[in-house]
Peer 1: 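For reference, the structure I am asking about is given below.
Residue numbers start at 1 and run along the sequence shown.
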Amino acid sequence: MHTSSQIRALLKTLFDEQRLAVLATHQDGQPYATLVAFGADEDLATLYFATPRATRKFANLSADPRVALLVNNSANQAEDIHRAMAATATGRAVELEGPQRAAYQARYIARHPHLEEFVRSPSCALIAVRVKRYVLVHRFQTVLELRISP
């Protein structure tokens with residue numbers, strides 16, 4: 001049995017090592033998935049990413065803020081079945097504005113310096129996902145759950 005602190009440690013390690021996540025949204029009942037460059041707060045309660053406002057993902061999350069983000073460390077190797085780890089975060093997305101945007105933008109640029117011009121663009125939204133829970137799968141069949149908020 002894994003404790004909450006052990007699950008948090010596994011998630012932090014995964015998030016520190018990975019730069020991309022798969023964002024899942026939906027429109028009219030049809031799922032839509034796309035890659036995003038993400039960051040995570042130290043307490044794991046918020047994940048964040050940037051996207052142009054003129055995208056399908058932004059339109060989808062504007063219509064329905066319920067999202068999932070998948071972060072994994074697979075290397076597309078046969079050994080991944082026993083070594084890879086994948087975390088799914090579910091929660092609600094909100095566009096950051098004002099001082100909150102400025103704070104998260106600084107964190108985003110520190111994590112993804114090559115995307116500074118992109119995230120500073122007036123047409124770019126900075127999105128925070130307020131995480132409700134994580135489901136972490138590792139060692140092929142070990143499934144762990146961490147609730148962040150009710």
Side-chain angles (χ1 to χ4, degrees), residues 1-52 55-97 100-101 103-116 118-119 124-150:
M1 184 62 95
H2 288 77
T3 66
S4 174
S5 60
Q6 289 171 322
I7 298 169
R8 284 179 180 276
L10 288 169
L11 288 168
K12 285 180 183 182
T13 297
L14 179 66
F15 295 166
D16 286 347
E17 293 173 353
Q18 301 304 311
R19 296 288 184 252
L20 299 176
V22 177
L23 171 70
T25 61
H26 70 93
Q27 180 180 37
D28 300 325
Q30 180 63 47
Y32 179 71
T34 187
L35 284 176
V36 294
F38 83 102
D41 276 358
E42 187 66 26
D43 66 1
L44 302 176
T46 302
L47 300 178
Y48 51 93
F49 63 92
T51 183
T55 60
R56 181 175 302 174
K57 65 179 156 273
F58 185 79
N60 289 354
L61 63 87
S62 295
D64 186 342
R66 295 174 298 165
V67 299
L69 282 160
L70 173 75
V71 179
N72 79 89
N73 65 355
S74 68
N76 202 28
Q77 303 294 318
E79 299 82 29
D80 285 348
I81 203 76
H82 298 289
R83 287 193 225 166
M85 199 175 352
T88 300
T90 57
R92 293 193 169 271
V94 60
E95 182 175 1
L96 296 169
E97 297 176 335
Q100 262 198 328
R101 180 190 167 94
Y104 276 91
Q105 182 172 285
R107 291 181 206 160
Y108 189 86
I109 291 168
R111 183 165 166 87
H112 303 283
H114 58 288
L115 295 175
E116 181 173 2
F118 168 72
V119 74
C124 188
L126 193 56
I127 306 298
V129 175
R130 307 300 187 205
V131 178
K132 291 189 175 202
R133 76 176 180 142
Y134 289 99
V135 176
L136 177 66
V137 179
H138 73 116
R139 296 189 182 127
F140 185 53
Q141 293 182 340
T142 303
V143 180
L144 309 169
E145 185 171 326
L146 178 66
R147 290 204 174 274
I148 301 295
S149 68

Peer 1: Please state whether the rings of Y108 and H112 are parallel, tilted or perpendicular, taking 30° and 60° as the class boundaries.
Peer 2: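 Correct class here is tilted.
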
Peer 1: Please list, chain by chain and in numerical order, all residues satisfying side chain to side chain donor-acceptor pair (under 3.5 Å) with R8, sequence neighbours excluded.
Peer 2: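 Side chain to side chain donor-acceptor pair (under 3.5 Å) check on R8 returns nothing, list empty.
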
Peer 1: Taking only residues two or more places apart in sequence or in another chain, which ones pass ring-ring contact (aromatic ring centres under 6.0 Å, His included) with F15?
Peer 2: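 F38, Y134.
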
Peer 1: Here's a test for you: under side-chain contact (heavy atoms from CB on, under 4.5 Å), which of V135, V137, L10, L11 qualifies with L144?
Peer 2: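 Only match with L144 under side-chain contact (heavy atoms from CB on, under 4.5 Å): L10.
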
Peer 1: Does R19 have any salt bridge (Lys or Arg N to Asp or Glu O under 4.0 Å) partners at least two apart in sequence or in another chain, and if so, which?
Peer 2: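 Partners of R19 by the salt bridge (Lys or Arg N to Asp or Glu O under 4.0 Å) criterion come out as none, since no residue qualifies.
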
Peer 1: Sequence neighbours excluded, which residues qualify as side-chain contact (heavy atoms from CB on, under 4.5 Å) partners of D16?
Peer 2: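 Per chain and number, D16 pairs via side-chain contact (heavy atoms from CB on, under 4.5 Å) with no residue.
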
Peer 1: Only pairs at least two apart or in different chains count here, so list each salt bridge (Lys or Arg N to Asp or Glu O under 4.0 Å) that has a residue in residues 33-47.
Peer 2: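 For residues 33-47: K12-E42, D41-R107.
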
Peer 1: How close do L20 and A37 get, heavy atom to heavy atom, and via which atoms?
Peer 2: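 So the two residues come closest at CD2-CA, 3.8 Å.
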
Peer 1: For S5, enumerate each residue passing the side-chain contact (heavy atoms from CB on, under 4.5 Å) test, keeping only those at least two apart in sequence or located in another chain.
Peer 2: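 So S5 forms a side-chain contact (heavy atoms from CB on, under 4.5 Å) with T3.
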
Peer 1: Any chance you could lay out the side chain to side chain contact (heavy atoms under 4.5 Å, CB included) test for V36 and K57, step after step, and finish with the verdict?
Peer 2: CA-CA 10 Å; V36 294; K57 65 179 156 273; 4.0 Å; yes

Peer 1: Which donor-acceptor pairs under 3.5 Å do side chains of residues 21-33 form with protein atoms, sequence neighbours excluded?
Peer 2:
unit_1: T25; atom_1: OG1; unit_2: N60; atom_2: ND2; d: 3.0
unit_1: H26; atom_1: NE2; unit_2: D64; atom_2: OD2; d: 2.9

Peer 1: What residues form a salt bridge (Lys or Arg N to Asp or Glu O under 4.0 Å) with E95, not counting sequence neighbours?
Peer 2: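 Only R53 meet the salt bridge (Lys or Arg N to Asp or Glu O under 4.0 Å) criterion with E95.
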
Peer 1: Quick one: CZ on R101 to SG on C124, what's the gap to the nearest 0.5 Å?
Peer 2: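 Separation between the atoms: 6.0 Å.
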
Peer 1: Mind checking what makes salt bridge (Lys or Arg N to Asp or Glu O under 4.0 Å) contact with E97, not counting sequence neighbours?
Peer 2: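 Applying salt bridge (Lys or Arg N to Asp or Glu O under 4.0 Å) to E97 gives none.
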
Peer 1: Checking T90 now: which residues fulfil side-chain contact (heavy atoms from CB on, under 4.5 Å) with it, not counting sequence neighbours?
Peer 2: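 In terms of side-chain contact (heavy atoms from CB on, under 4.5 Å), with neighbours along the sequence ignored, T90 is linked to A68, T88, R133.
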
Peer 1: Mind checking the CG-CE spacing from N73 to M85? Nearest 0.5 Å is all I need.
Peer 2: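 Nearest 0.5 Å value for the CG-CE distance: 5.0 Å.
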
Peer 1: Looking at every non-hydrogen atom in both residues, tell me the closest pair between F49 and L126 and how far apart they are.
Peer 2: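 Minimum heavy-atom separation between F49 and L126: O-CD1, 3.5 Å.
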
Peer 1: Which heavy atom in P52 sits nearest to a heavy atom in F58, and how many Å separate them?
Peer 2: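 Heavy-atom minimum between the residues: O-CB, 3.7 Å.
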
Peer 1: Under the salt bridge (Lys or Arg N to Asp or Glu O under 4.0 Å) test, which residues partner R111, sequence neighbours left out?
Peer 2: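 None.
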
Peer 1: Do V131 and L44 pass the side chain to side chain contact (heavy atoms under 4.5 Å, CB included) test, and can you show the C-alpha distance, the side-chain angles, and the key distance before you say yes or no?
Peer 2: CA-CA 8 Å; V131 178; L44 302 176; over 6 Å; no

Peer 1: Please round to the nearest 0.5 Å and tell me the distance separating atom OG1 of T55 and atom CG of L61.
Peer 2: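 Going from OG1 on T55 over to CG on L61, the span is 7.5 Å.
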
Peer 1: For a 4.5 angstrom cut-off between non-hydrogen side-chain atoms, does L136 reach L146?
Peer 2: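 In short, these two side chains do not touch, never coming nearer than 4.5 Å.
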
Peer 1: According to side-chain contact (heavy atoms from CB on, under 4.5 Å), who are the partners of A86, at least two apart in sequence or on a separate chain?
Peer 2: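 Applying side-chain contact (heavy atoms from CB on, under 4.5 Å) to A86 gives L70, N72.
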
Peer 1: A quick test of your reading: do over 12 heavy atoms of other residues, nucleotides or ligands sit less than 6.0 Å from CZ of R66?
Peer 2: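 Atom CZ in R66 is not packed in, count stays at 12 or less.
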
